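Encoded as structure tokens, the structure appears first; notes follow it.
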Amino acid sequence: MAQAGKGRLNYRCPSCFMRDLDMDMFYDKQKDEYYCLRCQFTGNEADVLKGNDMCRIKYRSMLKRITVFS
Amino acid sequence: MGKFILNIIHRPEMVPEYAEKITGQGKKEDISRKDLLTESLDIFKLQQQIAHENGFKTTIQMTYASLFNEEAVELAKEHHEKYGDEISLTLLGLPCKEFREKYKTKDFCIWMFSMEDKKSIVNDVFEKFYSMFGFYPTSTGSYYMDAELINYIKETYPMVKCAVTSCWEEGPKAYRTCNNSWYTFLDGGPWNPWIPSKQNTHAPAASEHEDSGIVAIPHLSRDLLACFDGNGSNFGTHPQNVLRGMIYKNGEYPYLYNLIDQYRSLEKYNSGYAYNMMFVGPGWMNKMGRWEATYELLVKSYKDGMAYYGSLRDKNELEDMTMSEFADWYRENKSYTEPECALWKDILYGSDKQLFWYSDPFLRTCLDMNQGGAIIDLRPYIAKLERPIGIGTKNVHDASYPYLVQSMYRAGYFTHYVGEGTIKSCKISYEGEEVDLCLCRTKASFSQNGKDRVLTLDPVEIEFRDLTIKLVSTFTFTEGAGEIKISRKISGMSNPDAKITLNEYITACYGTTEYPEDMTGITLKLTDGKAVKQIDYNYKCREEKMTEVIEVEATIPQIGTRLRIRPADGQIHGYINEGYAFSPMFTLGLTKELSNEEEMITWLRLEKAD
Ligand SMILES: [Zn+2]
């Protein structure tokens with residue numbers, strides 16, 4: 001099996017992002033799979049994007065324009 | 001109408017941080033690759049173009065590497081002429097062929113070098129700048145600049161009046177986020193510009209005698225709530241940081257504008273003054289994209305951010321200045337003891353949480369209204385700790401200013417199993433029941449009365465089995481006093497004849513990280529004016545009490561600080577608690593019996609202990 005490289009974009013691991021860790025993932029061409037060197041996350045691009053959306057759950061006001069402050 | 005000032009800073013970094021790691025993946029390291037240099041300069045040109053298209057002048061912080069690039073130098077001269085940009089000099093972006101040949105190291109963070117190297121680098125960089133421009137810069141910066149470095153620069157190049165000196169709350173959290181490989185331990189400074197003292201950059205100068213001679217600006221304006229418990233590099237006035245935090249959807253990031261607007265709103269607490277700083281390194285706009293953000297999105301976010309500032313300027317709600325212009329404005333309009341205040345609310349997570357941040361030359365603190373106004377961060381600036389940093393000192397990395405209370409690192413109200421966490425709060429007890437104000441969520445309002453900044457909390461209700469009381473907490477910060485006056489007043493009782501007991505306490509320790517430090521050497525004392533009781537910290541879980549105390553105190557020689565708490569009047573009991581190995585803290589407390597409409601006043605004071 002050949003060494004892994006970077007994918008089209010430099011995706012980070014969604015599982016690690018959820019615990020405040022920025023971990024670049026590497027890409028395994030043969031399996032069409034991104035994987036994390038630190039945790040056990042593996043997945044294709046769709047899985048990563050789904051994971052990224054889960055990361056955003058905590059940002060409940062993310063898309064709200066706020067105009068009144070304390 | 002307030003004054004909202006913006007500093008926009010760009011740096012032509014010929015070898016952007018990250019770029020070599022990312023764009024060069026799979027290649028052997030070569031920081032003089034031609035394509036890397038060309039791309040870096042192109043990004044700088046694009047950033048400059050976006051700012052100028054929006055009618056802004058910038059501060060161009062030349063890097064050492066860029067001083068060897070004729071095109072970068074010519075561009076700076078041209079933009080200074082044409083747009084009024086300030087040509088400045090940064091101590092970031094040192095890496096280049098010339099630097100590595102001379103210093104034979106890959107280090108790039110100026111504060112981590114030996115003092116000898118710091119001086120030599122400053123001389124090299126400033127003299128190279130002079131040789132290219134024919135004058136010396138009046139502003140400079142880095143992610144962090146230690147006091148010894150600033151003092152040397154000021155001594156050698158006295159024309160320097162402004163510097164980027166720190167990244168707010170970038171410490172153990174940033175280190176961890178970067179897979180424990182990003183060594184910026186810089187917690188504990190002010191979030192908005194200040195005048196650093198000669199002794200410690202984080203601690204503002206209290207007088208001309210302590211004045212380092214520069215005005216410090218923070219690297220970015222950061223979210224005062226999100227950054228206190230999260231990665232500082234996700235929540236700042238840096239559009240690509242917001243992308244890094246994944247705080248966007250379909251190319252929209254209203255959070256960025258909310259953040260800018262909340263900073264603008266701080267003029268309400270600072271005599272009409274508010275501030276923003278935007279400083280995006282070129283590595284954040286590289287053609288390969290940055291993490292999952294494409295190049296197009298990176299550029300769009302920068303354009304959008306700048307356009308938003310532009311729209312504010314068009315409405316006369318913003319004034320852009322270069323760094324040196326800002327330093328002049330700051331000197332003319334600010335005094336040493338004027339505090340920086342920020343009543344800050346959650347604008348990201350959808351809670352109603354509100355924090356109050358306060359900073360002056362004597363202390364920095366944070367109150368959490370979600371915990372009844374508990375103090376969740378406390379830093380003794382008055383100690384003006386001299387802590388040399390860099391290779392050759394005993395401290396190569398840790399530039400953080402120590403805390404006495406930091407409830408994220410060292411637990412607050414909630415701990416697992418036994419033991420205490422660092423917090424300053426108050427417990428109310430009645431017939432065997434006890435409630436901590438940490439469990440009373442409330443809101444605060446700010447007012448200013450001459451030299452007093454007053455934070456008044458909405459009344460909280462405390463329910464006992466057969467008594468309900470209402471209590472109002474007020475915190476008063478008197479300018480120049482170095483202490484906090486805390487009032488707890490009973491504003492109603494379901495049984496007006498009842499008597500409750502207040503226990504005003506602080507649990508503290510010291511440190512700069514999440515880990516415990518050696519507590520031996522700390523002394524705890526209480527006195528009634530005649531007798532003194534004392535505990536020399538030895539993890540023995542001891543307690544001493546006294547009736548009618550006039551003061552309780554802790555001396556922490558490790559951080560040259562004395563913490564004193566005194567009551568307004570008599571009939572107050574006091575106690576000191578030592579702590580033990582599984583709870584490496586100490587507690588100072590005052591207790592008093594109160595009836596309806598009565599008030600308990602205490603003062604928390606920080607002093608330098610020699
Ligand atoms: Zn992972």
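Just so it is clear: chains get the letters A, B, ... in the order the sequence lines come, proteins before strands, and each one is counted from 1. Please read all numbers here as calculations on a predicted model, not as lab measurements.
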Give a yes or no on whether [X] atom [atom1] has more than 12 heavy-atom contacts from other residues, nucleotides or ligands under 6.0 Å away.
| X | atom1 | result |
| --- | --- | --- |
| A:M54 | CE | no |
| A:K58 | NZ | yes |
| A:D53 | CG | yes |

Separation between [atom1] of [X] and [atom2] of [Y], rounded to the nearest 0.5 Å:
| X | Y | atom1 | atom2 | answer |
| --- | --- | --- | --- | --- |
| A:T67 | B:Q262 | OG1 | CD | 12.0 Å |
| A:K64 | B:I347 | NZ | CD1 | 11.0 Å |
| B:N250 | A:L63 | CG | CG | 8.0 Å |
| A:M62 | B:K249 | CE | NZ | 6.5 Å |

Contacting moiety of B:K268, where chain A heavy atoms sit under 4.5 Å: side chain

Chain A contact via B:Q354 - side chain, backbone, both or neither, heavy atoms under 4.5 Å: side chain

Please state whether the side chain, the backbone, both or neither of A:M23 comes within less than 4.5 Å of a heavy atom of chain B. side chain

Compute both the distance and the angle, then confirm whether A:R56 meets the cation-pi test with B:Y248: under 6.0 Å from the six-membered ring centre, within 45 degrees of the axis. yes

Say whether A:N10 and B:R290, considering side chains only, have a donor N or O and an acceptor N or O under 3.5 Å apart. no

With side chains defined as the heavy atoms from C-beta onward, is the minimum distance between [X] and [Y] less than 4.5 Å?
| X | Y | result |
| --- | --- | --- |
| A:R65 | B:N258 | yes |
| B:W291 | A:L9 | no |
| A:S61 | B:Y255 | no |
| B:R244 | A:D22 | yes |

Flag the one option from B:A226, B:S351, B:S265 with the top tally of heavy-atom pairs under 4.5 Å to chain A. B:S265

Pick from B:K173, B:R264, B:R176: which one has the most heavy-atom pairs with chain A under 4.5 Å? B:R176

B:Y269 and A:S70 have their tightest heavy-atom pair at OH-O, 2.7 Å

For the residue pair B:M246 and A:Y59, what are the closest heavy atoms and their distance? O-CE1, 3.9 Å

Is there a donor-acceptor pair closer than 3.5 Å between any side-chain N or O of [X] and the backbone N or O of [Y]?
| X | Y | result |
| --- | --- | --- |
| B:K345 | A:V68 | yes |
| B:T177 | A:D20 | yes |
| A:R60 | B:Y349 | yes |

